[in-house]
There are 2 protein chains.
Amino acid sequence: MDRDRTDESLIALRRILRATDLYGRDLARDAGLTAVQLRVLQIVAERGRCHPTDVAAQMGVTQATISVLIKKLESWGLIQREQSATDRRQIDLTITPAGLEKVEVAPDALQQRYVRHFEALPDWEQAMVVAVLERVAGMLGAGNFDAAPVLAAGDITRQARGTNGETGHGAPRNGIVPGRNRAQ
Amino acid sequence: MDRDRTDESLIALRRILRATDLYGRDLARDAGLTAVQLRVLQIVAERGRCHPTDVAAQMGVTQATISVLIKKLESWGLIQREQSATDRRQIDLTITPAGLEKVEVAPDALQQRYVRHFEALPDWEQAMVVAVLERVAGMLGAGNFDAAPVLAAGDITRQARGTNGETGHGAPRNGIVPGRNRAQ
DNA sequence: GTAGATTATTCGACTAACTAAATAACATGT
DNA sequence: ACATGTTATTTAGTTAGTCGAATAATCTAC
């Protein structure tokens with residue numbers, strides 16, 4: 001019966017979402033940010049040079065809200081604000097290296113575990129996993145904004161991989177930015 | 001090269017997470033709840049008869065925080081508090097039908113799209129998707145609390161399936177509970 | 001060039017989430 | 001029985017996120 005199949009696949013998908021959700025909540029904390037702040041950062045990282053209006057629209061909040069979030073993130077050196085050349089009312093947002101590091105560091109815990117298991121799979125099974133995941137991503141409608149401008153594949157994984165286990169977070173990992181306890 | 005494979009699989013996984021994340025933020029709003037409130041509800045739904053301490057631990061907050069969240073959710077009839085029989089300091093939390101409805105309604109938009117595509121797949125491909133998703137869930141460490149006590153498979157999907165497209169949210173969908181605009 | 005629309009920011013005010021500390025009720029070990 | 005630990009709640013106070021309205025700067029049409 002394919003009714004059972006659909007159920008099974010939904011349950012498995014749910015388990016995946018649940019696992020990532022649990023991490024997701026803690027990720028921001030690990031980065032010393034709130035969930036909302038990290039989200040702004042992620043959006044800017046993905047879009048690469050966008051405007052406050054875009055971010056506000058994508059998050060479903062007003063410009064006023066974004067304005068103060070951006071202000072904080074800029075004061076921490078995580079994103080950069082500069083007046084647009086073409087339309088001087090607008091502000092061009094770009095993510096800084098420090099901000100990019102925050103975004104990249106985030107998925108660490110999840111990825112490390114996953115990558116370890118994945119690379120232990122036999123070759124044919126790896127291929128199958130890739131094929132299916134891409135199919136599922138498509139079925140979820142996640143397909144469009146492919147070719148992420150900033151987060152290239154190598155960048156995403158460079159940290160999570162690498163066999164030097166101890167310092168999973170790369171080297172510096174601390175700039176000016178807030179504490180890991182209280183995200184002002 | 002299996003380096004490329006790992007990258008590809010991570011990218012696909014990322015796309016899945018991104019898609020669900022975008023929905024995830026809006027889900028709470030659709031339910032007229034905040035993200036945190038919905039999360040409490042989800043945890044109680046999964047665990048089925050648990051204690052505030054458990055929820056607090058899982059969410060990484062203090063008991064005090066949970067206490068007031070639970071109070072609100074109870075006042076809205078979404079969860080039930082009753083003194084434990086075995087240890088009368090403890091409170092047994094259970095989700096109410098109304099609360100369950102909130103949790104189940106949530107993934108609708110996502111699921112409908114997914115299920116539609118999934119059921120259009122040829123048989124062998126459905127089997128493959130199920131197998132891989134379960135493997136991935138295991139690799140992500142999502143494996144343990146299987147056999148969800150409350151959310152049985154049928155319940156999860158009964159709403160999302162069914163070809164009557166228009167009223168995707170089932171019938172009643174509105175009880176006493178807060179508005180969809182401002183989640184007090 | 002002037003009128004009207006857009007873009008971003010600031011200000012004031014409100015709510016949700018969170019904590020620490022105090023309290024109350026209950027359990028447990030000795 | 002008593003001391004100690006656990007569980008949940010309340011209280012008071014902090015912070016972050018959010019909005020609406022007001023403001024300033026700038027673009028666009030006419």
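Computed from a predicted structure; not experimentally measured.
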Drop me the distance from I95(B)'s CD1 to R47(B)'s CZ, to the nearest 0.5 angstrom.
14.0 Å
Tell me if a side-chain donor or acceptor on S75(A) pairs with a main-chain N or O of K72(A) at a distance below 3.5 Å.
yes
Can you tell me if Q83(A) uses its side chain to pair, donor with acceptor, with the backbone of R88(A) under 3.5 Å?
yes
Going by atom types alone, do E119(A) and T6(B) pair a side-chain donor with an acceptor below 3.5 Å?
yes
For nucleotides 27-29 of chain D, list the nitrogen or oxygen atoms of the protein found under 3.5 Å from its nitrogen or oxygen atoms, one pair per line.
from	atom 1	to	atom 2	distance (Å)
dC27(D)	OP1	R88(A)	N	3.0

Would I91(A) and I70(A) count as a side-chain contact (heavy atoms from CB on, under 4.5 Å) here? Give the steps.
CA-CA 11 Å; I91(A) 297 288; I70(A) 286 175; over 6 Å; no
Let me know the distance between CZ of R39(A) and C1' of dT18(D), rounded to the nearest Å.
15 Å
Just wondering, do K102(A) and W76(A) contact through their side chains at under 4.5 Å, heavy atoms?
no
Any side-chain N or O of Q90(A) less than 4.0 Å from the OP1 or OP2 oxygen of dA25(D)?
no
Could you go through nucleotides 9-13 of chain C and list every protein N or O atom that sits under 3.5 Å from one of its N or O atoms, giving the distance for each pair?
from	atom 1	to	atom 2	distance (Å)
dT9(C)	OP1	R81(A)	NE	2.8
dT9(C)	OP1	R81(A)	NH2	2.6
dT9(C)	OP2	S67(A)	OG	3.1
dT9(C)	O5'	S67(A)	OG	3.2
dT10(C)	OP2	K71(A)	NZ	3.4

Quickly work out the Q83(B) CD to dT6(D) P distance and round it to whole Å.
20 Å
Taken to the nearest whole Å, CD/Q37(B) to P/dC18(C) is 10 Å
Just how far, in rounded Å, is C1' of dT7(D) from CG of L93(B)?
12 Å
From CG (D92(A)) to OG (S84(A)), nearest 0.5 Å:
4.5 Å
Measure from the side-chain heavy atoms of T62(B) and tell me the nearest of dA20(C), dA17(C), dG17(D).
dA20(C)
Could you work out, with side chain to side chain contact (heavy atoms under 4.5 Å, CB included) as the rule, every residue matching E125(A), not counting sequence neighbours?
L121(A), P122(A), R135(B)
